[in-house]
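What follows is a single structure, written as structure tokens, with notes after it.
What you are looking at is a predicted structure, and each value in this text was computed from that prediction instead of being measured. All chains are named by letter (A, B, ...) in the order of the sequence lines, taking the proteins before the strands, and each is independently numbered beginning at 1.
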There are 2 protein chains.
Amino acid sequence: MSDSLSKKDDSIGAINRVKILAAAEKEFAIHGFKGTRVQHIADRAELPKTNILYYFKSKDGLYLALLQEILSLWNSSFDNAKAQDDPAQVLAAYIADKMEISRCRPDASKIFALEIINGAPNLSSFFKDQHSTWMNSRVAVIQQWIELGKLPEIDPYYLLFNIWASSQHYADFSAQITELKGHEMDQNEFANATKSLIKLILQGCGLTVPKQYQ
Amino acid sequence: MSDSLSKKDDSIGAINRVKILAAAEKEFAIHGFKGTRVQHIADRAELPKTNILYYFKSKDGLYLALLQEILSLWNSSFDNAKAQDDPAQVLAAYIADKMEISRCRPDASKIFALEIINGAPNLSSFFKDQHSTWMNSRVAVIQQWIELGKLPEIDPYYLLFNIWASSQHYADFSAQITELKGHEMDQNEFANATKSLIKLILQGCGLTVPKQYQ
DNA sequence: CAAAAACCAGACCAATTGGTCAGGTTTTTG
DNA sequence: CAAAAACCTGACCAATTGGTCTGGTTTTTG
């Protein structure tokens, strides 16, 4: 309890909460909220069902707790970008960040995607406001880059949508990708996909790809 | 019955089937398969629940019928592209096609997305094989373009993934887009988004945007 | 026009499943 | 070390919901 930013807690409750959240992330990603059975989460976490309800008041409560944890992943270096920064560097790093999340936390990405597709019924208006505010400030920075001549004319919204869409695709649509490629993408392929994506988007914006991303 | 390519049938059954499929598309897109209630589909279609089960044997049967209809939307002009065609023309048209589907059939796109995110549990292996075959042939054409010097070096997989991801994003994530833009995208904005996307991707590939898409 | 086919719908049911409860045991704490 | 807090869990329940059944009515067809 105490604090959401609490230091590592090795109490039995804290350990179980982590196990449950991990199990829930997998189940919700595969079956969606309605399709997920509390019993299956319990099985995966190797705990009796009643324990799940003990730690999280309800299925809803568990889902909400998980969603909140997932939303915290959305922070990145791009949050603090300024007009004086180099757009090529900032955007390349942002794309790389996003791809890394897709690689390491595909289930988190899927749950977020499911939530949005279903009309974001569980995203608090607090989050939405926060997100809109974030968006406005990032759009402003991109527009400043354009005014400063650091970036050719482009609609900032469509640029950001493109970055999100194409990076999250590797998590959300992994089943399709695996099917078409004939195998799951490994770390090496992710690195190639990231390079490819950075090149496509930066070049698409008329920017030069920084050396370290080539 | 008779033939899936049957001519317009105005029998009472045919009309009801269309009404039911339309209602189901909306419900499944919002609530997912498990979250959708047959009763809600019935309410939306303005028919008693038992009629839904009468026309489609079961909820599963209805979903599968709907999914099949949705998959038929995936066909496009790109299917017949040849090495001798102009990549800029072909890809621009393909992107425009995809964006048009996102605009006109967002619910269809969402249902497909939900299906893939959940691991494609209902996509027949027939569809998967067909899809893989399609992919191989399209990858081959793109590689020929590269060999012919009509297209700079690029991994065809990542190119296609990018096109799908960024175009489908406008349907699947419409809730987020509406929230961030402050309003739903209208036809005019879709046209701008399409131009923006075509420019980004073609330029990203090192191609020149054909005049009619500028 | 009669019979077959298609269509309609209220009543009902069995299975699933999120959640409660009561009575524990273990761990922490003052 | 005792009491409080945290943790654990089998038994149970109420509500939901996909689907059936039966007895119709309407439409089509030979």
**Message:** Using the side-chain heavy atoms of B:Y55, tell me which of these nucleotides is nearest: D:dC7, C:dC8, D:dG19.
**Reply:** C:dC8
**Complete:** Taking C:dG10, C:dG18, D:dG19 as options, the one with an atom nearest any side-chain atom of B:T50 is C:dG10
**Asked** Going by modelled atom types, is there a donor-acceptor pair between the base of D:dG19 and the side chain of B:K49 at under 3.5 Å?
**Response** yes
**Message:** Expressed as a whole number of angstroms, how long is the span from A:I15:CD1 to C:dT27:P?
**Reply:** 12 Å
**Asked** What's the shortest heavy-atom distance between A:A29 and A:L114, and which atoms?
**Response** O-CD1, 4.0 Å
**Request:** Specify the separation, in whole Å, of atom CD1 of B:I12 and atom C1' of D:dT27.
**Result:** 8 Å
**Message:** Taking 4.0 Å as the cut-off, does a side-chain nitrogen or oxygen of B:N16 come that near to OP1 or OP2 on C:dA6?
**Reply:** no
**Asked** Nearest-Å distance, NZ (A:K57) to P (C:dG19)?
**Response** 12 Å
**Asked** Rounded to whole angstroms, how far apart are CD1 on B:I52 and P on C:dC8?
**Response** 10 Å
**Complete:** Of the listed D:dT9, C:dT17, C:dA9, the closest approach to the A:R37 side chain comes from C:dT17
**Prompt:** Counting just side-chain N and O atoms, does A:Y54 come under 4.0 Å of either OP1 or OP2 of C:dG19?
**Reply:** no
**Integer-rounded Å distance: D:dT20 P and B:Q39 CD** = 16 Å
**Item:** Rounded distance in Å - CZ (A:F56) to C1' (C:dG19)
**Value:** 16 Å
**Prompt:** Rounded to the nearest 0.5 Å, how far does CZ of A:R37 lie from NZ of B:K34?
**Reply:** 4.5 Å
**Prompt:** What is the base-pairing partner of C:dT29, counting Watson-Crick and G-U wobble geometry with both distances under 3.5 Å?
**Reply:** D:dA2
**Prompt:** Side chains of A:E115 and A:Y63: is there a donor and an acceptor less than 3.5 Å apart?
**Reply:** yes
**Message:** What is the separation between atom OH on A:Y63 and atom P on C:dT17, rounded to the nearest whole Å?
**Reply:** 19 Å
**Message:** From the set D:dG18, D:dT17, C:dT17, return the single nucleotide nearest to any side-chain atom of B:V38.
**Reply:** D:dG18
**Message:** Between P on C:dT17 and NE2 on A:H40, what's the gap in Å once rounded to a whole number?
**Reply:** 7 Å
**Minimum-distance nucleotide (side-chain atoms of A:N51 versus D:dT9, D:dC7, D:dG19)** = D:dT9
**Prompt:** Considering only side-chain heavy atoms of B:L53, which listed nucleotide, C:dC7, D:dG19, C:dG19, is closest?
**Reply:** D:dG19
**Message:** Distance alone, cut at 3.5 Å: any donor-acceptor contact between the side chains of A:Y55 and A:N16?
**Reply:** yes
**B:W164 and A:F173 aromatic centres sub-6.0 Å** = no
